Amino acid sequence: MVDGGPTRRLTTILAADVAGYSRLVAADEEGTLARLGDYRRGLIDPKLAGYRGRVANTAGDSLLIEFPSVVDALRCAREIQAAVATANADLPEDERLHFRIGLNVGDVVEAGADLLGDGVNVAARLEGLAEPGGICLSRAVRDQIRDRMDVSLENLGEVEVKNIERPVRAFRVAGKGAVPLPPSAPTARRKLPVALGLLVLLAVAAGGGWWWQSGADVAPGAPGEAVLPLPDKPSIAVLPFDNLSGDPEQAYFADGMAEDIITDLSKLDGLFVIARNSSFRYRGGAVDLKAVGRELGVRYVLEGSVRRAGDAVRINAQLIDAQSGGHLWADRYDGSRANVFALQDKVTAEVVAALALKLDPEAKARLAAHDAGNPEAHDAYLKGWRLMQVESLENLRAAEPYLKQAVELDPGHGRAHAALAWLYYATTIIAREWYPDFGFLFASDAVARARGLLAVALRTPSAYAHGVEGRMLRFALKSEDALAAFDHALRLNPNDAGTLAYLADTLNRLGRPGEGLAHAARALRLDPRGPAVYRKVLGQLRFATEDYAGAVEILAPALRDEPDDLFSHYYLVAALGYLGRKEDAVAAIRHFDEQVVPAYLRAADNTFNMAWAPMRAGHLEHAKLLSKRQKQQIHEGLRRTGAL
């Protein structure tokens with residue numbers, strides 16, 4: 001410490017506040033304040049005492065807490081969220097308090113009992129990135145807990161946050177506590193880099209949007225956040241299986257077990273199966289299975305655990321009626337890694353029997369088909385596949401050696417070949433290794449490798465392999481061939497939300513948006529908490545069918561969550577032009593040019609020589625994935641804004 005200067009030190013900071021607090025207070029000030037006090041005294045303060053947390057500052061609904069241990073801080077945060085979720089279960093939805101929590105390790109300045117400084121500011125910004133009921137970490141926290149705790153993290157990439165000069169690497173804790181807010185409560189602004197890299201169709205990043213600046217009356221709620229009605233057939237969500245192996249590194253194996261069961265059940269046309277993206281949102285902590293059923297719109301929930309010790313494997317599974325909370329069956333299955341596929345088949349067979357599903361010979365054959373025969377190869381595949389769930393360049397490169405090992409150990413593992421094919425193709429897209437005419441005619445040798453691997457995968461065809469085939473054909477501008485591949489994939493797996501979204505978008509690009517609407521809506525229904533790209537596809541289809549108000553209603557919040565899909569901004573602005581909302585359109589264009597494009601170019605580390613900013617109609621000439629009619633329709637909408 002310099003004489004007369006402030007006292008600085010490194011510490012762990014937890015920042016928390018109540019999501020939608022202003023809305024709650026406006027609706028019931030006395031009741032909200034009373035509940036907040038009860039939660040502090042009965043739930044939060046005892047947890048802090050148990051983990052040596054010191055409250056440094058409070059202001060209304062917010063808390064700033066210091067911990068001597070980063071592990072203790074995260075454990076405390078998870079226990080607080082679990083305890084709050086349990087307390088909320090007995091309350092009506094409009095009375096529940098949902099906390100957002102951000103964790104950082106950083107330099108702070110002491111100001112009496114309070115803490116100030118950059119370390120505190122980063123924790124506060126991370127709290128704003130967390131979902132209601134969720135936790136968001138900085139890279140410093142991730143680095144310190146990664147080998148000490150069994151925790152699954154979603155890499156959000158480099159995030160630009162308010163009043164912090166440099167981007168912050170953020171990680172979201174995958175947990176069962178995260179819940180959607182009512183539509184009237186906007187979530188935090190955020191801007192993230194490219195994650196999936198499908199650019200025009202399915203580029204994945206996150207946050208921030210013009211409507212926050214413009215004050216336009218665009219509802220931030222998104223389709224799928226409300227309580228969903230039950231389908232007209234038996235419906236199920238398979239939650240991530242708990243890893244009871246005592247080794248955090250075995251989490252990939254438990255995830256793979258649950259996902260393989262999802263894949264098998266999804267092959268059955270008589271069953272409605274929620275996609276992995278949505279069901280895996282309920283990872284970690286206590287979960288209200290009745291709430292899962294309401295939020296995902298399913299009658300049944302399968303949950304379980306996996307314990308692996310050496311080659312020995314034990315699976316515990318139970319099927320729950322989400323309406324009554326009653327058990328349909330529960331059982332334990334013991335075996336070895338060598339017969340892990342037989343164990344999975346037993347669980348799947350139990351579900352089929354419990355739901356009294358009648359299978360024709362074709363369905364039985366699909367269930368019996370396994371393209372993986374080598375347990376070592378499948379183990380490597382699962383490790384790579386888990387990394388691919390967030391398709392950043394970092395994750396794809398980390399997944400590559402595992403998938404290469406899988407195909408080397410098992411030349412007949414079709415799904416591993418298809419996954420490695422898509423890894424190379426997606427890496428090429430994200431790295432922007434295409435010709436500058438924007439024709440998606442790729443120059444990279446990786447594309448040739450991808451095509452070769454896909455040819456091997458199609459020798460033992462699976463829904464996933466045909467889905468990858470359709471995507472690659474789509475980006476090669478062979479849309480009619482892509483349709484045939486998607487149709488084939490959906491015959492093998494009618495519950496594949498991603499393929500449905502691609503099919504819907506392809507139909508739109510072919511000038512058949514009316515046909516695509518039902519497919520896009522079904523994709524969103526199968527994966528209600530999945531990526532915002534499904535909403536973008538549906539919003540673009542609504543635009544194409546001249547439902548401009550519907551397009552704005554969907555695209556605005558979708559672009560708030562994932563702003564990096566540049567052409568979706570064109571659709572949004574054009575829709576505002578048709579609606580005569582010129583001020584909102586001008587604000588959207590300004591935000592796009594001044595914030596979205598620069599962030600996009602920084603994140604993408606662009607290598608192609610197309611200049612995106614400022615937004616102008618001329619860029620549409622390079623959009624070879626758009627039909628001529630779509631270009632004309634967007635041109636006219638942009639013209640009506642009066643700003644181009």
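Since the model is a prediction, treat every value here as computed from it, not as a measurement.
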Could you tabulate the donor-acceptor pairs under 3.5 Å formed by side-chain atoms of residues 270-278, not counting sequence neighbours?
{"from": "Arg276", "atom 1": "NE", "to": "Glu259", "atom 2": "OE1", "distance (Å)": "2.8"}
{"from": "Asn277", "atom 1": "ND2", "to": "Asp527", "atom 2": "OD2", "distance (Å)": "2.9"}
{"from": "Ser278", "atom 1": "OG", "to": "Asp527", "atom 2": "OD1", "distance (Å)": "2.5"}
{"from": "Ser278", "atom 1": "OG", "to": "Arg529", "atom 2": "N", "distance (Å)": "2.7"}
{"from": "Ser278", "atom 1": "OG", "to": "Gly530", "atom 2": "N", "distance (Å)": "3.3"}

- With Glu95, which residues qualify under side chain to side chain donor-acceptor pair (under 3.5 Å), at least two apart? none

- Query: Is a salt bridge present between Asp334 and Arg332, judged by a nitrogen-to-oxygen distance below 4.0 Å?
  - Reply: yes

- Query: Got more than 12 heavy atoms from elsewhere within 6.0 Å of CG, Asn316?
  - Reply: yes

- Between CG of Asp260 and OG1 of Thr348, what distance do you get to the nearest 0.5 Å? 9.0 Å

- Task: Please test Phe67 against Leu74 for side chain to side chain contact (heavy atoms under 4.5 Å, CB included), starting from the C-alpha separation and ending with a verdict.
- Result: CA-CA 10 Å; Phe67 289 84; Leu74 181 53; over 6 Å; no

- Query: Taking Ser266 for the side chain and Ile262 for the main chain, is one N or O donor matched with an acceptor at less than 3.5 Å?
  - Reply: yes

- Message: Tell me every residue that passes side chain to side chain donor-acceptor pair (under 3.5 Å) with Asp72, counting only those two or more places apart in sequence or in another chain.
- Response: Arg52

- Item | Heavy-atom donor-acceptor pair, Arg308 side chain to Val313 backbone, under 3.5 Å | no

- Item | Between Ser245 and Asp247, a side-chain donor and acceptor under 3.5 Å | no

- Message: Using every non-hydrogen atom in the two residues, find where His98 and Pro132 come nearest and quote the distance to one decimal.
- Response: CB-CB, 3.9 Å

- Taken to the nearest 0.5 Å, the spacing of Asp269 CG from Leu357 CG works out to 11.0 Å

- Message: Measuring from atom CG of Leu319 to atom CH2 of Trp329, what distance do you get when rounded to the nearest 0.5 angstrom?
- Response: 6.5 Å

- Establish, from distance only, whether the side-chain atoms of Asp17 and Ser62 form a donor-acceptor pair under 3.5 Å. no

- Output for pair (Leu555 CG, Arg535 CZ), nearest 0.5 Å, gives 10.0 Å

- Side-chain donor-acceptor pair under 3.5 Å between Asp45 and Tyr39, yes or no? no

- Task: To the nearest 0.5 angstrom, please state how far the CG atom of Asp94 sits from the CG atom of Leu24.
- Result: 8.5 Å

- Item | Atom of Ala251, atom of Asn243 and distance for their closest heavy-atom approach | N-ND2, 3.5 Å

- Query: Does Asp38 have any side chain to side chain donor-acceptor pair (under 3.5 Å) partners at least two apart in sequence or in another chain, and if so, which?
  - Reply: Arg41

- Is a side-chain donor-acceptor pair under 3.5 Å present for Gln344 with Tyr333? no

- What's the verdict on side chain to side chain contact (heavy atoms under 4.5 Å, CB included) for Met257 and Val340, showing C-alpha distance, side-chain angles and the deciding distance? CA-CA 9 Å; Met257 185 73 65; Val340 67; 3.4 Å; yes

- Message: Return the CG to OG1 distance between Asn104 and Thr12, rounded to the nearest 0.5 Å.
- Response: 8.5 Å

- Item | Closest non-hydrogen atom pair between Ala558 and Ala532, with its separation | O-CB, 3.8 Å

- Task: Would you mind telling me which of Gln250, Arg283, Gln389, Lys383 makes a side-chain hydrogen bond (donor to acceptor under 3.5 Å, both in side chains) with Asp255?
- Result: Arg283

- Note on the structure: For Thr499, the side chain to side chain donor-acceptor pair (under 3.5 Å) test, sequence neighbours excluded, returns Asp496

- By side-chain contact (heavy atoms from CB on, under 4.5 Å), Asp90 pairs with (sequence neighbours left out) none

